[in-house]
Amino acid sequence: MTTHFYTASSLDGFIATPEHSLEWLLSQDFDLEGPMAYPAFITRIGALVMGASTYEWLLREQQAWEYTQPAWVFTHRDLPVVDGADLRFAQGSVTEVFGDIAEAAGDKDIWVVGGGDLAGQFADAGLLDEIWVQFAPVTLGDGHPLLPRDLRLELLEVARNRGFVCAHHRVIKDE
Ligand SMILES: NC(=O)c1ccc[n+]([C@@H]2O[C@H](COP(=O)([O-])OP(=O)(O)OC[C@H]3O[C@@H](n4cnc5c(N)ncnc54)[C@H](OP(=O)(O)O)[C@@H]3O)[C@@H](O)[C@H]2O)c1
């Protein structure tokens, strides 16, 4: 089982503006059948994990909950529940919840959807294995950071998808 952080980023390392806008990303052209595209990635995923802001963005911006996999939302608050979604709310240590997430994923992988600090919490615990980033041809200057941690990575794959630079890395863990 592999835990992936798969996300898009501005070239200067932000995954959303300070106001949680993704307009800079959604206005870009991306080939969904091209390299490192989402439709192929999601087929390997058995469980999702996200932070409260990412969940709230999905509630605000998506017409319907599109995920069939169980999804864990890390939050300290009581957030609205989407009808029909397989949601579990959690808080505190990602290590304590990881066993449940891995069990739910079965023989598939785990996707840390975002944000960057939550992916960092998995990395802190030695539980983040791979990082996939589609870098959009945009700089934002400020916003929510891609992955605010000090990590060493091995580049596994790099590709161009329309205007995006797509990079796939493995997290090098202390042996
Ligand atoms: N570019 C992309 O492809 C992409 C991908 C994913 C997300 N995004 C966007 O990026 C932004 C990310 O927002 P963000 O940086 O604020 O990160 P986030 O992880 O989505 O949300 C952070 C919040 O999650 C809760 N949280 C995180 N860890 C927790 C823990 N261990 N225990 C309990 N609660 C915890 C806290 O909320 P509370 O304490 O308030 O509950 C925290 O303030 C969003 O706008 C999202 O839509 C972009």
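When a ligand or atom number is given, it counts from 1 through the structure's own listing order. FYI, side chains are in, hydrogens and waters are out, and symmetry mates aren't considered; it's all heavy atoms of this structure.
The hydrophobic clustering, which links ILVMFWY residues whose side-chain heavy atoms are closer than 4.5 Å, places Val165 and Phe30 apart.
Under the ring-ring contact (aromatic ring centres under 6.0 Å, His included) criterion, the residue pairs touching residues 58-88 are Tyr55-Trp65, Trp65-Tyr67, with sequence neighbours excluded. Residue pairs that meet the salt bridge (Lys or Arg N to Asp or Glu O under 4.0 Å) test with at least one member in residues 115-143, sequence neighbours left out, are Asp117-Arg149, Asp124-Arg149, Asp129-Lys173.
The side chain to side chain contact (heavy atoms under 4.5 Å, CB included) test with Glu56 is passed by exactly one of Glu61, His20, Met50, Arg77: Arg77.
The distance between the ring centers of Trp111 and Phe41 falls below 6.0 angstrom.
For ligand 1, the 4.0 Å heavy-atom shell contains residues Thr7, Ala8, Ile15, Ala16, His20, Leu22, Leu25, Gly51, Ala52, Ser53, Thr54, Trp57, Phe74, Thr75, His76, Arg77, Gln91, Gly92, Val113, Gly114, Gly115, Leu118, Gln121, His144.
The ring-ring contact (aromatic ring centres under 6.0 Å, His included) search around His168 returns Trp132, not counting sequence neighbours.
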